[in-house]
Amino acid sequence: MEETQPVPRVGVVLFVLKGKSVLLGRRRASIGESTFALPGGHLEFGESFEECGARELMEETGLEMGKADFLTVTNKVFLDKSKHCHYVIVFLRAVLADPNQVPQNPEPDKCDGWDWYDWDNLPQPLFSTLDEMVRSGFNPFPAT
Ligand SMILES: CC(C)CCOP(=O)(O)OP(=O)(O)O
Ligand SMILES: [Mg+2]
Ligand SMILES: [Mg+2]
Ligand SMILES: [Mg+2]
């Protein structure tokens, strides 16, 4: 029987920045298990990128997203698990509605917890797509 190829899916992830730090959490999910990743997830039917980002941020961290703007997009096939998958990932830069809000971890089955990490001293290992962006010199911070 012909193996059916998985359908490409869309993810929306957020660079939530605080000074020179970025919000990262260590994943427990199937893709990128145990790597440090940005908050975000699957685009759901009818959502804008911003609506998806705000929903996923709230679901995953309890944080309320404020203004967000588009940064970049990647297109990647993940072969690191027996379950191959293909994602178009949209990267937004977002600020918090309340910069003093503290991230929670309402999905402990998917993430070890969230913290702020200095962009110049990121934890390892990073989620593969983020790692490739960092190595290529990508800068998520607004031009000063
Ligand atoms: C980032 C990319 C793999 C898209 C899927 O992200 P995710 O596994 O965090 O998805 P959910 O947050 O929607 O469960
Ligand atoms: Mg999610
Ligand atoms: Mg997610
Ligand atoms: Mg989701």
Side-chain angles (χ1 to χ4, degrees), residues 3-142:
E3 189 184 305
T4 53
Q5 290 288 14
V7 174
R9 297 188 70 182
V10 179
V12 177
V13 298
L14 303 178
F15 281 99
V16 184
L17 306 175
K18 180 181 273 194
K20 283 295 283 177
S21 296
V22 62
L23 186 66
L24 296 172
R26 193 165 196 149
R27 288 173 66 87
R28 289 186 175 167
S30 58
I31 307 157
E33 171 84 32
S34 291
T35 66
F36 288 89
L38 301 167
H42 294 93
L43 184 70
E44 293 181 2
F45 181 80
E47 285 184 321
S48 68
F49 296 151
E50 292 77 8
E51 287 166 341
C52 177
R55 176 183 53 73
E56 288 287 343
L57 185 67
M58 182 57 73
E59 285 176 0
E60 299 186 346
T61 69
L63 296 173
E64 185 182 345
M65 189 179 90
K67 189 178 172 313
D69 50 350
F70 173 82
L71 281 185
T72 190
V73 60
T74 61
N75 179 28
K76 183 180 169 87
V77 177
F78 293 83
L79 302 174
D80 56 346
K81 287 274 184 188
S82 56
K83 182 187 124 203
H84 294 172
C85 49
H86 179 175
Y87 278 97
V88 172
I89 304 176
V90 175
F91 292 80
L92 305 181
R93 176 174 52 223
V95 293
L96 297 179
D98 170 5
N100 300 313
Q101 248 196 308
V102 175
Q104 308 302 312
N105 191 28
E107 296 183 332
D109 57 322
K110 290 186 171 182
C111 178
D112 282 346
W114 302 94
D115 207 347
W116 301 98
Y117 294 90
D118 186 315
W119 183 253
D120 297 326
N121 186 25
L122 292 173
Q124 294 296 334
L126 292 176
F127 184 77
S128 58
T129 311
L130 179 59
D131 189 58
E132 290 156 15
M133 291 167 77
V134 170
R135 289 174 190 276
S136 69
F138 182 79
N139 175 5
F141 295 89

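This one's a predicted model, so the numbers in the text were calculated from it and none came from an experiment. We count ligands from 1, going down the list as the structure has it; atoms in each ligand are counted the same way. These values consider heavy atoms only, across backbone and side chains, with no hydrogens, waters or symmetry-generated copies.
With respect to atom 14 (O) of ligand 1, the closest heavy atom belonging to the protein is K110 NZ, 2.8 Å. For atom 1 (C) of ligand 1, the nearest non-hydrogen atom of the protein is V13 CG1, 3.9 Å. For atom 4 (C) of ligand 1, the nearest protein heavy atom (residue, atom name, distance) is Y87 CE2, 3.7 Å. Shortest contact from atom 10 (O) of ligand 1 to any protein heavy atom: H42 ND1, 3.1 Å. The nearest heavy-atom contact from the protein to atom 6 (O) of ligand 1 is G41 CA, 3.6 Å. Of the protein's heavy atoms, E60 OE2, 2.7 Å lies nearest to atom 12 (O) of ligand 1.
Side-chain contact between P142 and R93: present, with at least one pair of heavy atoms (C-beta onward) separated by less than 4.5 Å.
Note: K18 NZ to Q101 CD = 9.5 Å, rounded to the nearest 0.5 Å. Distance OG1/T74 to CZ/F138: 10.0 Å, rounded to 0.5 Å. Taking OG of S34 as the reference point, atom CG of D112 lies at 7.0 Å (rounded to 0.5 Å).
A salt bridge is defined here as a Lys NZ or Arg NE, NH1 or NH2 lying under 4.0 Å from an Asp or Glu carboxylate O, and R28 with D109 fails to meet this definition.
The shortest N/O to N/O separation between G40 and ligand 1 falls below 3.5 Å.
G53 and L14 get closest at one heavy-atom pair: O-CD1, 3.5 Å. In terms of heavy-atom proximity, L38 sits nearest to L23 at CD2-O, 3.9 Å.
Looking at E59, E107, R27 and measuring to atom 8 (O) of ligand 1, the nearest heavy atom belongs to R27.
For E60, the N, O or S atom closest to the Mg ion (ligand 3) goes by the atom name OE2.
For the Mg ion (ligand 2), the N/O/S atoms of E56 include one lying under 2.8 Å. Within the coordination shell of the Mg ion (ligand 3), defined by N, O or S atoms under 2.8 Å, G40 is present.
A ring-centre distance under 6.0 Å is not found for F70 and F49.
Neither the backbone nor the side chain of R9 comes within contact range of ligand 1; no heavy atom lies under 4.0 Å.
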